[in-house]
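Scroll down for the structure; my scribbles are underneath it.
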Amino acid sequence: MTDTKPIRRIAIIGTGVIGASWSSLFLAKGLQVVATDIAPNAEVALRKFVETAWPALKRLGLSPGASQSNLTFTPDIAQALAGADLVQENGPERIEFKQKLYGQLDELLPPDVIIASSSSGLTMSEIQKGAASHPERCVIAHPFNPPHLIPLTEIVGGAKTSEATIRRAAEFYTSIGQRTVRLNKEMPGHVANRLQAALSREVYYLVAEGVVSAADVDTALSWGPGLRWGVMGSLMLNHLGGGPGGIEHFFQQFTGPMTAWWKTLGSPVLTPDVQKKLIDSVHAEAGSRTIEQLEAERDEILLGLIELRKKAAKPG
């Protein structure tokens, strides 16, 4: 695989929520996007998503050449792949489907074209078994939803993925403003979703046990540690939590109580009754606000936070 060819034309396979969001981001970065999906009305839904996302992307800053007119759509996968420099695959999370698709992609694409999967639950070692000729160019590039706003991409190679592919993929996603995380080992759910799952387990447990309501546990998270997590990660915050002594003093001070709390953490079983308790509590928290209103509230605050972090990251 050559490292010199610039990545300018992206083929999007699958235009559901993730594929449409990726498409919006790539277009905002001035790239050419050719999307394909066999679902009815896929093109109409995709173009509507991009149009709706565009004001937020414009607010974050469009790259030179960015235009919605750089989006083309075809139901023919071979046409979508023609001339592509990178493929962003967003197909269903079924291993048989993925392996068959990767066999098709492997046959149609030149060997230097990266095939990047958005898969959140499947491993590349299993997916790339379908790409018999060039499994080395297949890699996980898993976004955090929605990728056109959340600038996180997890890069995970499979057993046969080359180091050159991992490096080139990381360089590409970094070049369009993503923060890339390299996983040195494959793990179910990768990293960000595993962290979410660990926290969700305790959230569900506390609500199910009647310790706290959905509204109060969400307040505790979003107005407590969530504010800090929007600035720094857990380990760096531990370093600060140790005061002048840093992470070393943090462990001296908090290892005892922290490990004692671990022993009391819950392992809830999501029975129908537990789910109903959680659902009722969430609806009480949401009140009369619709999903669309809640999304708009989330995105407006999120955009402000991203703008602030970008400003803070710039050298003075």
Side-chain angles (χ1 to χ4, degrees), residues 5-91 105 108-109 113-118 141-153 169 171-180 290-307 309-310:
K5 186 180 179 183
I7 295 175
R8 301 297 307 163
R9 184 179 178 90
I10 312 295
I12 296 284
I13 310 295
T15 59
V17 173
I18 298 297
S21 186
W22 270 129
S23 297
S24 303
L25 176 65
F26 293 143
L27 291 166
K29 298 302 178 179
L31 301 172
Q32 299 285 327
V33 175
V34 185
T36 185
D37 196 311
I38 59 172
N41 300 316
E43 180 177 6
V44 172
L46 171 60
R47 293 189 181 280
K48 182 179 179 182
F49 186 104
V50 173
E51 184 178 356
T52 301
W54 206 252
L57 290 163
K58 192 173 182 180
R59 176 173 161 181
L60 290 173
L62 301 176
S63 297
S67 173
Q68 295 180 58
S69 65
N70 290 333
L71 172 64
T72 56
F73 183 94
T74 174
D76 187 297
I77 191 169
Q79 287 183 13
L81 298 175
D85 301 315
L86 180 141
V87 174
Q88 189 74 47
E89 174 271 313
N90 315 282
L105 297 176
L108 291 169
L109 290 162
V113 177
I114 292 173
I115 305 173
S117 178
S118 299
H142 174 249
F144 212 55
N145 194 32
H148 73 279
L149 294 183
I150 305 287
L152 175 67
T153 302
E171 288 173 353
F172 166 68
Y173 291 102
T174 300
S175 76
I176 60 169
Q178 296 292 96
R179 295 296 182 118
T180 59
T290 65
I291 294 293
E292 290 75 17
Q293 288 171 327
L294 289 166
E295 285 177 338
E297 179 183 326
R298 176 202 65 190
D299 291 350
E300 178 62 26
I301 296 171
L302 182 59
L303 282 166
L305 177 60
I306 292 170
E307 289 171 332
R309 292 199 65 171
K310 280 186 173 182

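Heads up: numbering here begins at 1 and tracks the sequence. Bear in mind that the values here come from a model prediction, so they are computed numbers and not experimental data.
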| query | Tell me the salt bridge (charged side-chain N to carboxylate O under 4.0 Å, His left out) pairs involving residues 13-35, sequence neighbours left out? | reply | none
| task | Using the salt bridge (charged side-chain N to carboxylate O under 4.0 Å, His left out) rule, collect all pairs that involve residues 77-91, keeping only residues at least two apart or in two chains. | result | Lys5-Asp85, Glu89-Lys98
| query | Do you know the tightest heavy-atom contact between Ala66 and Asn70? | reply | C-ND2, 4.4 Å
For [X], give me all partners under side chain to side chain donor-acceptor pair (under 3.5 Å), at least two apart in sequence or on another chain.
X	answer
Ser67	Ser69
Glu51	none
Thr52	none
Glu300	Arg59

| Can you check whether Ile38 reaches Ile77 side chain to side chain, under 4.5 Å on heavy atoms? | no
| query | Hey, are the side chains of Thr153 and Trp22 touching, using non-hydrogen atoms and a 4.5 Å cut-off? | reply | yes
| task | Look up atom OG1 in Thr72 and atom CD in Glu43, then write down how far apart they are to the nearest 0.5 Å. | result | 9.0 Å
| Atom pair OG (Ser24) and CG (Leu57), whose distance is rounded to the nearest 0.5 Å | 6.0 Å
| task | Kindly state each residue pair satisfying ring pair (Phe, Tyr, Trp, His ring centres under 6.0 Å) with at least one member in residues 30-69, sequence neighbours excluded. | result | Phe49-His148
Report, one line per pair, each donor and acceptor closer than 3.5 Å where one atom sits in a side chain of residues 8-15; sequence neighbours left out.
{"unit_1": "Arg8", "atom_1": "NH2", "unit_2": "Gly30", "atom_2": "O", "d": "2.9"}
{"unit_1": "Arg9", "atom_1": "NE", "unit_2": "Ala82", "atom_2": "O", "d": "3.3"}
{"unit_1": "Thr15", "atom_1": "OG1", "unit_2": "Asp37", "atom_2": "OD2", "d": "3.2"}

| Which residues share a side chain to side chain contact (heavy atoms under 4.5 Å, CB included) with Ala80, sequence neighbours left out | Val34, Thr36, Thr74
| remark: ring-ring contact (aromatic ring centres under 6.0 Å, His included) filter on Phe73, not counting sequence neighbours, yields none
